[in-house]
Colleague: 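First the structure, which I've put down as structure tokens, then a few questions once you've had a look.
This structure is a prediction, so every number in the text was calculated from the model and none was measured. All ligand and atom numbering here is 1-based and tracks the order in the structure.
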Amino acid sequence: MTEKTRNIEERSIWDDAQQMLRKAERDGVETAWDRLEHQTPHCKFGESGVCCRICTMGPCRISKKAPLGVCGAGADVIVARNFGRFLAGGAAGHSDHGRDCIEAFHAVAHGETQDYHIKDEKKMLRIADELGIATEGRELLDVAKDLADEFFESFGSRREEVGFIGRVPEKQRENWKKLGIMPRGVDREITEMMHRTHMGCDNDAANTLLQGARMSLGDGWAGSMIATEISDILFGTPSPRKAQVNLGVLKNDQVNILVHGHNPIVSEKILEAVNEKELIELAKEKGATGINLAGLCCTGNELMMRQGIPMAGNHLMTELAIITGAVELIVVDYQCIMPSLVQVGNCYHTKMITTADKARFTGAEHVKFAMDNGMEQARKVVRMAIERYTMRNPDRVEIPCEPVDMMTGFSTEALLDALGGSLTPLIDAIKAGKIRGAVGIVGCNNPKYKHDYCNVNLTRELIKKDILVIVTGCVTTAAGKAGLLVPDAIEQAGPGLKEICGALGIPPVIHMGSCVDNARILQLAALLANEIGVAISDLPLAASSPEWYSEKAATIGTYVVASGIYTHLGHPPNITGSPIITNLALGGLDDLVGACFCIEPDPFKAAELIDERIKMKRKGLGLEE
Ligand code: SF4
Ligand code: MSK
């Protein structure tokens, strides 16, 4: 965790990161690590969640001397309200992304765009069937219109359950109803959380936390799940493919464009544009040998999963990618984009382009992407990148390493295909103890940690213990750079996992996508539970977000726990000022939903904690170790 003035070797485990941090020092560029040092030590009231700014009788902060705010709220209520609003931010982020996907799909269904199309018709019809929409003998676009409306309904306030609730094992659905945490509508639960946390509403900390669980379940089983399913329908369901990762994917002699954010709606069009002959010719006229597109963070994950586009880096690599001096343009949609990228870009020749009205950055150029102009805008942006190439100063370019190979593209469908079409081989391997369990390692980077140290070491430790690891989000880049996302990585796995993955030709660490794609992990867990005839909470599963930072990561953790999966976090959210919320999160929830959080900054100790939990769950199912 945070130390004062860490040297470069202590900031990141990666050579490419360290080399760029040295270049940043030489070039006089400030990074997140420097700014963290300016911000530490952090405010203890904020860190423990006991500072309230909900009304103007305050702000109030709770201490021994002043245990109640002006209105009489104590630490438990204040922490619960702050955490409830923190989770609401995460649920809103994912789910608004999901809504944008529905709007794109709606435009396709109604013939309002020539730029987007239905790519996976089979998947669309399968989901329509699943959600009770008639498909027999109907025009594809008529089915699509009804499906778009059905998806919109999951955001509304007139239902008792969101549409995909049928995927949840029955035992759990009943439990959610009993507890009053069945998500009714994505927007409804977020709005209700904002209402409850207004001054003078929900003044029972545990009750507020339960609404946090309901709202987060709405994100996982609706907002995020819809985002994933529509992205597959519009851009193709991912299948296994090769890709490459780290800053070495940037090219010295090509126009480099980075796409960053989360939603593939913009980046898929940019990908089409960079492959257009006329634009490649233009790049050559300007002296480049071609145009190179690479991803960052979750937009990178989306493009890599479906198209094999290389990944330049995760959250803490975004500034460092620009510091190579080799990036002409960074094109962003939304979420997890550091405002500092504009200033870092200004230190070089890198231009930042924003594309969504809801995510504009002062100093960046805005090129608005809409349903009816996606391709035209993509071409415009690529032309801007080509122009920018002429401004590159070769003396300031330093691309630090060779790229590392990785395998990607494991949608739930692709994983089932790899298993021969059914979950039976996986269930047999779990029963035989060859695969002792599975853990989803998800989420971010946080400069409070040595970059990717926990992400990589936890992954390595778990596969040694014959635990299959699934990665999404920024952990993917960490696992990929560590050489864990290739079939050869079975050499680092325990004997059982090595045997099974070796026979299937898959890596012991499976990449399932971006942060919204954690919905794929939920779906897979539900399929397994339904197949065995148990609840998700009975399975030998766990989740972890070792280096998390964002509201979205907290919401993911909460819907994963509420869905019955034990979840490790490297550090707690800002809740430690409330004994009620802390005790519920770290234990009490187990009695209610069959899972809880655990906190452990050391990845080796975290692996032991997760292993213990998996042993316990195996024992509960009567499985031998
Ligand atoms: Fe203070 Fe209560 Fe207002 Fe919060 S809601 S700022 S604790 S008076
Ligand atoms: S981008 S939420 S840093 S995973 Fe999805 Fe990465 Fe975490 Fe953002």
Colleague: Tell me the contacting part of Y549 for ligand 2: side chain, backbone, both, or neither, using a 4.0 Å heavy-atom threshold, strictly below.
Modeller: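 The side chain, only.
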Colleague: Has A553 got any heavy atom lying under 4.0 angstrom from an atom of ligand 2?
Modeller: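 Checking ligand 2 against A553, which is what was asked, there is no heavy-atom contact under 4.0 Å.
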Colleague: For R306, is there an ion pair with E302 - N to carboxylate O distance below 4.0 angstrom?
Modeller: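 Looking at R306 together with E302, the answer is yes, because their closest N to O distance falls below 4.0 Å.
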Colleague: State whether E10 and K450 are salt-bridged, where the test is any N-O pair (Lys NZ or Arg NE/NH1/NH2 against Asp/Glu carboxylate O) under 4.0 Å.
Modeller: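 Looking at K450 together with E10, the answer is no, because their closest N to O distance does not fall below 4.0 Å.
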Colleague: What residues, two or more places apart in sequence or in another chain, satisfy side-chain hydrogen bond (donor to acceptor under 3.5 Å, both in side chains) together with T228?
Modeller: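 Partners of T228 by the side-chain hydrogen bond (donor to acceptor under 3.5 Å, both in side chains) criterion, ordered by chain and then number, come out as D517.
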Colleague: Provide the number and element of each atom of ligand 2 under 4.0 Å from a heavy atom of H315.
Modeller: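 Listed by number with element: 3 (S).
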Colleague: Check this for me: does any side-chain nitrogen of one of R196 and D204 sit under 4.0 Å from a carboxylate oxygen of the other?
Modeller: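 Judged by the 4.0 Å cut-off on N to carboxylate O distance, R196 and D204 do not form a salt bridge.
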Colleague: For the residue pair T299 and Q335, establish whether any side-chain heavy-atom pair is separated by less than 4.5 Å.
Modeller: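 A side-chain contact is absent here, since even the closest heavy-atom pair is not under 4.5 Å.
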Colleague: Tell me, please, if C298 has any N/O/S atom, main chain or side chain, under 2.8 Å from atom 8 (Fe) of ligand 2?
Modeller: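 So C298 does not bind atom 8 (Fe) of ligand 2 by this criterion.
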Colleague: With K481 as reference, evaluate N455, N246, T476, D16 under the side chain to side chain donor-acceptor pair (under 3.5 Å) test and give the passing residue.
Modeller: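 So, applying the side chain to side chain donor-acceptor pair (under 3.5 Å) to K481 and each of N455, N246, T476, D16, only D16 qualifies.
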Colleague: What protein heavy atom sits nearest atom 5 (Fe) of ligand 2, and how far off is it?
Modeller: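 Nearest protein contact, heavy atoms only, for atom 5 (Fe) of ligand 2 is C515 SG, 2.1 Å.
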Colleague: Going by the order shown, which atoms of ligand 2 are within less than 4.0 Å of some heavy atom of C297?
Modeller: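 In order of numbering, the contacting atoms are 1 (S).
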Colleague: Side-chain donor-acceptor pair under 3.5 Å between N445 and D452, yes or no?
Modeller: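 Indeed, the side chains of N445 and D452 share at least one donor-acceptor pair under 3.5 Å.
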Colleague: Could you see which bit of S550 sits under 4.0 Å from ligand 2, with heavy atoms only: side chain, backbone, both or neither?
Modeller: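 It is the side chain that touches ligand 2; the backbone stays farther off.
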Colleague: Return the orientation label for the F105 and F151 ring planes: parallel under 30°, perpendicular over 60°, tilted otherwise.
Modeller: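 The rings of F105 and F151 sit tilted, inter-plane angle from 30° to 60°.
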Colleague: If the threshold is 4.0 Å, N to carboxylate O, is there a salt bridge linking D96 and K358?
Modeller: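 Looking at K358 together with D96, the answer is yes, because their closest N to O distance falls below 4.0 Å.
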Colleague: Output the set of protein residues with a heavy-atom contact under 4.0 Å to ligand 1, ordered first by chain identifier and then by residue number.
Modeller: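 Shell around ligand 1 (4.0 Å, heavy atoms): C52, I54, C55, M57, G58, C60, G69, V70, C71, I78, R81, M199.
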Colleague: Less than 4.0 Å between a side-chain N and a carboxylate O, is that true for E192 and R214?
Modeller: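 Salt bridge flag = yes for E192 with R214.
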Colleague: Please identify which atoms of ligand 2 are closer than 4.0 Å to at least one heavy atom of G443.
Modeller: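 Per the distance check, 4 (S), 7 (Fe).
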Colleague: Using a 4.0 Å heavy-atom cut-off, which part of H262 comes near ligand 2: side chain, backbone, both, or neither?
Modeller: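 Just the side chain.
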Colleague: For atom 6 (Fe) of ligand 2, find the nearest protein heavy atom and state the residue, atom name and distance (0.1 Å precision).
Modeller: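 So the nearest neighbour among protein heavy atoms is C474 SG, 2.3 Å.
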Colleague: Can you check whether H568 reaches F597 side chain to side chain, under 4.5 Å on heavy atoms?
Modeller: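 Answer no - side chains too far apart.
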